[in-house]
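Encoded as structure tokens, the structure appears first; notes follow it.
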Amino acid sequence: MGMTTLAPIQRLKLLRELERKVLWLSAWTIHHANHLRPNRDGLKVGGHQASCASLATVMTALYFSVLKPEDRIAVKPHASPVFHAIQYLFGHQTQDKLAHFRGLGGAQSYPSRTKDIDDVDFSTGSVGLGVAMTLFSSIVQDYVRLKQLAPADRPTGRMVALVGDAELDEGNVFEALLEGWKHDVRNLWWVIDYNRQSLDGVVNDRLFGRIGEMFGLVGWRVVTLKYGTLLETAFAQADGGHLRDWIDACPNSLYSALVFKGGAGWREALHRDLNQYPGIRRILEQHDDEALHRLMTNLAGNDMQAVLDAFEGIDDDTPTCFIAYTIKGQGLPFAGHKDNHSGLMTLDQMASFKKGMAIDDGAEWDKYAGLKATPAELQGFVDAAPFNARGRRRTQAPTIEIPAALPAPHDRESSTQAGFGKILNAIAAEDSEMARRIVTTSPDVSVSTNLGAWINRRGLFGRTEAEDVFRELKVVSAQLWRETPRGQHIELGIAENNLFIQLAALGISHEIFGTRLLPIGTLYDPFIARGLDALNYACYQDARFMVVATPAGVTLAPEGGAHQSVHTPLIGIGQPGLLSYEPAYVDELAVLMRFGLEHMQQPKGSSIYLRLSTRSLAQPQRTLSAGQQADVVSGGYWYAPPEPGADVAIVCMGAVTPEAIAAHDSIVRDFAGAGLLVLTSPDRLHADWLAAQRNRGRTTGSVDRSASPVERLLAPLSRDARIITVMDGHPLALSWLGSVRGQRVVPLGIETFGQSGDIGDLYRTYKLDAAAIIDAVARAV
Ligand SMILES: Cc1ncc(C[n+]2csc(CCOP(=O)(O)OP(=O)(O)O)c2C)c(N)n1
Ligand SMILES: [Mg+2]
């Protein structure tokens, strides 16, 4: 009993019934959470009944009829209850979780890939980011398809975003549009819920006067769904054109206010403005207030037939923007009111809404109560939805084997950034599965972050072959930038939001497209802050990637204050889902890159952040043993071990390590047995320390104060030893070390924006040089 056998009129009837049910369930889920669950803290639970209502038609049409298994969808965050209601009808969401909406373990406020059980494709929440996510996922879809990395039986899907109209105020949406145009992005559908309202009120009319042109400029098709079938019929009658002109010219705020006022309000306004036309007078006579209201609010985005026609009219892969005129709160008592964004129906309003929906007491969660079609008929239709034709949607992909060691250079002098470039270059020269799965991306800093050699070998990605004109014309350049579908570097314009959303999309490819990728993104460390919400968004949906940030801190020296990163080590520590490292030497970096490529594939793994430097350091002539490699991964090692009971230690991280070594050489004359500890990850050490403390509470018996690596590292020092920490970043990242065993810390680092200068001048100015470290030791003891 497939969809094809159903007559269109019958399908329309069932979809309209389901639209009612979806509207009901979303409103009821929110109502239940706010009014019927015990409230222990007095906080409003919230939920957005009006925002749900405007999308009920579009989402019903999409999920129950239009979408296919290979399509992937980002749902406007505050339409989450509609999404959950639909999944509930599909049998993918439980009544219990709906009843616990916004409660611990319940259906999530905003659709979440990691916390919801109902197959969320893309998490949303921070407006604008989910929209862009579909665009970058479309690039990933092309990437894996053109390289034949995708499972052979996977058809190309459409990446669909259900977008709030006010989301288009977020600049990242336009950054993404421009990038998508450059990459000739395909198979994208953005459906804009044009309800003319945001959170605070009515959206500006002027913006949408231009929105279609903006999409047109970047090669999109724009389909406007403005008037529903009732209004179109009225327009076709005598004088109907005047009615159309009147609505077309009606400002957003007036239209919204009249929607709220209802039939009498429409009558008064039309009588005042159009009464000279006999055709209009006839329309007013033929419609009572209720019918007039239904007519005047019959916008296409809330008209099932119009919505189906629009979606089904598209049969190519041109990116398409549907501007769907809707009414915020359609079908609810506060429809159109400018303050309805977080408005909730009162108990009385809910009672009459429920009556209108023909739902009996106790049947509120019933899947088909109050509908005219029989439950069997509705269930049969729901079960046959093409969306579910291939079962659950979350794909899996095997992990890619990472060799026991990466090919590491053995230069006597090197910066970690140069080492990074060489390690990738050596991987690029290999014929390995790992090399095939690495995909790099960078916002116009590929060359200056040392991706050049990798790109020369592995090529730029483009949907079609493009020549390297400089090469054709024999202009000498170190960079061979030929674009091909085989290329493994996605070059982005300067937009860090785009970098992180591209990494997010690449980093969930195994669960979205069934293809495991090993994404590596590079940028300058300070500009992490520019894309920070997008980075957080990527981590929130458990995308897996490696971000390599370089140069960092004041060590980039001559480039000066604007490019100095001060607090990024704190971001590394504070960002969930991102494990951060700052190696000093290239052999450590090779260990960490190897670990990172493996860790980001583990079910309980995470993304990796490497903070690197352009400062060339004399490399230690050593071969790291397995134990030392493990120490590098767990966060640090004694470069010069302290004598048991030592009273002084220097702890350093990253580019300032030579200064710490020099200071250490100098102080051991006065403080025999002083140690020098090189850290690679305060993030990892801190997390493992806290985890050990939590576990400690659970076990009985003696307290093990050496349960975590940092406790073991600091154990040889005396109880009241002085620890001088030094790093090129905010000193807070290391000052917590004093809490581990109660030893006293003197933290050195950067607290202000810097000057330009050479490294010598800057380290002296910011008290990172050997003299400053020695001075700190002297003052501390
Ligand atoms: C980055 C970000 N800023 C602010 C918010 C708070 N917020 C949630 S919804 C919303 C307004 C959304 O309006 P619109 O996109 O038109 O959605 P509607 O409810 O009208 O469908 C705002 C400001 C957010 N979720 N994310
Ligand atoms: Mg809106």
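Every number for a ligand or one of its atoms is a count from 1 in the order of the listing. Below, each value reflects all heavy atoms present in this structure, side chains not excepted, and no hydrogens, waters or symmetry copies.
In summary, the atoms of ligand 1 found under 4.0 Å from a heavy atom of Ser126, numbered by their order in the structure, are 1 (C), 26 (N). Shown in contact with Gly125 at under 4.0 Å from a heavy atom are these atoms of ligand 1, numbered in order with element: 24 (C), 25 (N), 26 (N).
Heavy atoms of Pro77 stay at 4.0 angstrom or farther from ligand 1.
Using a cutoff of 4.0 Å between basic side-chain nitrogens and carboxylate oxygens, Glu19 and Arg16 are not scored as salt-bridged. Between Arg11 and Glu312 there is a salt bridge, since a side-chain N of the basic residue sits under 4.0 Å from a carboxylate O of the acidic one.
Residue side and main chain included, Ser54 places no N/O/S atom under 2.8 Å of the Mg ion (ligand 2). Among the atoms of Asp165, an N, O or S atom falls under 2.8 Å from the Mg ion (ligand 2). For residue Ser51, no N/O/S atom approaches the Mg ion (ligand 2) to within less than 2.8 Å.
Listed for the His35 side chain is a donor-acceptor partner under 3.5 Å among the backbone atoms of Met345. A donor-acceptor pair under 3.5 Å is formed between the side chain of Lys328 and the backbone N or O of Ser198.
At a heavy-atom distance under 4.0 Å, atoms from both the backbone and the side chain of Val127 approach ligand 1.
The shortest N or O to N or O distance between Gln197 and ligand 1 is below 3.5 Å. Polar contact check, Asp165 against ligand 1: a nitrogen or oxygen pair lies under 3.5 Å apart. For Ser198, no nitrogen or oxygen atom sits less than 3.5 Å from a nitrogen or oxygen atom of ligand 1, counting backbone and side chain alike.
Contact record, Tyr88 with Leu98: CG-CD1, 3.6 Å, taken as the closest heavy-atom pair.
The protein non-hydrogen atom at the shortest distance from atom 21 (O) of ligand 1 is Lys76 NZ, 2.6 Å. Of the protein's heavy atoms, Leu199 CD1, 3.6 Å lies nearest to atom 22 (C) of ligand 1.
Among the candidates Gln87, Gln108, Gln93, the single residue satisfying the side chain to side chain donor-acceptor pair (under 3.5 Å) test with Asp118 is Gln93.
Side-chain contact of Ser137 with Arg72: a donor-acceptor pair under 3.5 Å is absent, judged by distance alone.
Around the Mg ion (ligand 2), the angle linking Asn195 (OD1) with Gln197 (O) is 90°, rounded to 10 degrees.
Atom 4 (C) of ligand 1 is not flagged as protein-proximal [any protein heavy atom, distance under 4.0 Å].
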